[in-house]
Amino acid sequence: MKYIVILLFVAFVSNAQITKQQLDLMPWPQNINLIGGIFTITKQFKVNITGNPDARLFKGATNFLRRLDGRTGLFLEQAYVTKVNEFITAELQINCEREGKVGLNEDESYQLSIVPNKIIINATTDLGALHALETLLQLMQNNGSSFYFPAVEITDSARFTWRGLMIDAARHFQPVDVVKRNLDAMASMKMNVFHWHLADDQGWRIEIKKHPKLTELASDGDYYTQDEIKKIVKYADERGIMVLPEIDIPGHASALLSVYPEIGSKQSGSLPYSVGRRSGIYDSALDPTNPKTYQLLGEIFDEVCPLFTSNYFHIGGDENNGKEWDANLTIHEFKKKNKIASNHDLQTYFNMKLIPMLKKHNKRLMGWEEIMTKDMSKDAIIHTWRGDNEGVTPGGALITAAKNGYNAVLSNGYYLDLMLSVDSHYLNDPLPKNIALSPEEKARILGGEATMWSELAAPINIDSKIWPRTAAIAERLWSNDTITDLDSMHRRLKVISSRLEEVGTMHIRNKELILRNISNYQDTKAVNDFTNICEPYKVYKRNGGGKKYFMYSPLTLFADACSADASDAYKFNKAVTQYLENRSLENQKVVTDFLKKWIAMDLDLIRLSTNAPLIQPLLSMSNNLSSISKQLLLSIEEKQNVDKTALSALLEQFNIRNSADVELAIYDSLKKLF
């Protein structure tokens, strides 16, 4: 009995000492106050809802119970939440005033109060209540014998109303299960806009019943039926997420024009249009002077718009290089007759024709920043993606849009396919402190959107390109602009990354599938160790101009197993900085342990390569790293002089493009150690 009392006392002391720095919350709440004490979770834990919520809250509360049960293994007695005032004595009381409308500018705020015998969530709408449940799950702690919530008071709301993720299903088709698991992950990070890129040069991915040839001839059999679209929209709505469709026009239209070349801008006698098989910018463009163009688009909109409950429709509008328009004599005459000075103005003419076609379905037009001209309707939403955010056209399109009276959304700095570091995304603010905008202009900046273009993203690896970096972007769009500590973000993100797999993402588990393929089903440890210090080539270097990878090329190679933020590289780079500041034996050991690890890794890779051809492209890099590590060990541990010229020559080998399509993420730190 004495030992039980001691254990309970130790557990109580441990629990009572929890600090904000130990919480793994993301996005970080606006206001949080730890008040001391804990709420211990037992199998009798129940949920009760009051007020007038949408039915989505009953499903959300039930999902909360199942996730809580799965994490604790308590076999919770409450199976479902089906109506209000179901368990009036429940420990968790959710008070919701009214049904929330999924979309922009809705109240998503909540208050969460945890005391030792009661948890209370107060929210104006069920959307806020759903966010509170996600925060509550993130708050859960445990000791050696129980699970609990720390006593806390939280008041929280979103900084921006547009917190989005775009998934491109046109280049590489992303099946329904991929979309659903990413919607679940978005909801867990309090994101509220799913932008669905459905048509591009490389594929037409949405069923049009009046025009079945679009999917018969331009989808390779991979597309969403209208019934699947409706179910996804409902699934998203149940999670508080608005779905924004995109059909990219007038450029990026090869797939559409491969079926209906008569509305294209090519001169007669030119080579026929075909579905794109590579990435990059194509010349294909719809003919804005042909009435049949608008007839076909109207028929497409008439089928697509009713499938989506949101009031927005993305028409793309980007990267129309104008080559086909310049070469078309009929288009030249049209521009002259109608006093249209440039191709940019001609595209505005085209875009303005689309506005009434979309308004017919209560949809507001949105497009990439190229749609913004002096004559473009101010009702359009400008989606910015190029250059910097300092207000210099065209790089500062976000600032220009806000100053010119447009609502705008930022994606520049949130392009996930560029494989940039999570730090760069996290510190990229839609409204940086030095921004030169009036309060009215600032209000026009709706928020931001992470973009996942899929030229190099198939179902097996797309999650690893989206998560966990998008969680950090979600925090930037939800939390206060003062939440910028990178060390805190990295610490929390490590935990959040694993929690994301709880809701279905496969960014961790699918890596092992790729590693097994590379190692030919041998032990994957050495290959995994190497991925943890390598990162895929960044900013499209891996597939510049679409010359190496096509839409049918394998995405099961070493670069596909590597992330934008190599985990061991992050640790090693910090360790080297600390060692160079303080050459203590403790700091030295952290550095040298990594060097010894990579020497052993190289030997293992050599051994594996005798029965795994896909490891062969890695050996040159691994051998170089092993040689450098050995020399550095001699210098650091044995205090021997080494040939710095030879070492430098070895190191510079990492700057030569390699067939593995990766860069060594510890390069700069190795150079510092010289």
Item to check | Ring geometry between Phe550 and Tyr552 (parallel below 30°, tilted from 30 to 60°, perpendicular above 60°) | outcome: parallel
Checklist entry - Is Glu262 salt-bridged to Lys292, going by a charged N under 4.0 Å from an acidic O? => result no
Checklist entry - Are the side chain of Glu246 and the backbone of His195 linked by a donor-acceptor contact shorter than 3.5 Å? => result no
Checklist outcome for this item: Correct closest heavy-atom pair for Pro430 and Leu477 would be CG-CD2, 3.7 Å
Item to check | Cation-aromatic face contact Arg205/Phe173, 6.0 Å, 45 degrees | outcome: no
Item to check | Distance-only donor-acceptor check, side chains Asp222 and Ser219, under 3.5 Å | outcome: no
Item to check | Distance-only donor-acceptor check, side chains Arg657 and Tyr537, under 3.5 Å | outcome: no
Checklist entry - Distance under 6.0 Å and angle within 45° of the ring axis: does Arg476 meet both against Tyr426? => result yes
Item to check | Atom OH of Tyr223 with >12 non-hydrogen neighbours under 6.0 angstrom | outcome: no
Next on the checklist: To the nearest 0.5 Å, what is the distance between CG on Leu358 and NE2 on His361?
Outcome noted: 7.5 Å
Item to check | Pairwise side-chain contact, Ile666 with Leu625, heavy-atom cut-off 4.5 Å (strictly under) | outcome: yes
Checklist entry - Under the criterion ring-ring contact (aromatic ring centres under 6.0 Å, His included), which of His252, His314, His197 is the partner of Trp368? => result His314
Checklist entry - With a 3.5 Å cut-off and no angle check, do the side chains of Ser563 and Asp565 form a donor-acceptor pair? => result no
Item to check | Residues Asp201 and Ser284: side-chain donor-acceptor under 3.5 angstrom | outcome: yes
Next on the checklist: If you count heavy atoms of other groups shown closer than 6.0 angstrom to NZ of Lys213, is the number above 12?
Outcome noted: no
Item to check | Donor-acceptor pair, side chain of Asn461 and main chain of Leu456, under 3.5 angstrom | outcome: yes
Item to check | Tyr294 six-ring centre to Lys353 NZ/CZ under 6.0 Å and within 45° of normal | outcome: yes
Item to check | Check ion pair Asp184-Arg239 (N to O, under 4.0 angstrom) | outcome: yes
Item to check | Pair Asp417 + Arg542: basic N to acidic O under 4.0 Å | outcome: no
Checklist entry - Is the backbone of Glu449 close enough, under 3.5 Å, to the side chain of Ser411 for a donor and an acceptor to pair up by distance? => result yes
Next on the checklist: Under 3.5 Å, is there a donor on one side chain and an acceptor on the other for Asn543 and Glu455?
Outcome noted: no
Checklist entry - Do Leu618 and Phe558 have side chains that get closer than 4.5 Å, going by heavy atoms? => result yes
Checklist entry - For Lys548, does the NZ atom sit with more than 12 other heavy atoms under 6.0 Å from it, leaving out its own atoms? => result yes
Checklist entry - How are the rings of Phe301 and Phe313 set relative to one another: parallel (under 30°), tilted (30 to 60°) or perpendicular (over 60°)? => result perpendicular
Item to check | Test: Glu369 and Arg386 ion pair at under 4.0 Å | outcome: yes
Checklist entry - Side chains of Asn343 and Asp326: do they bring a donor and an acceptor to under 3.5 Å? => result yes
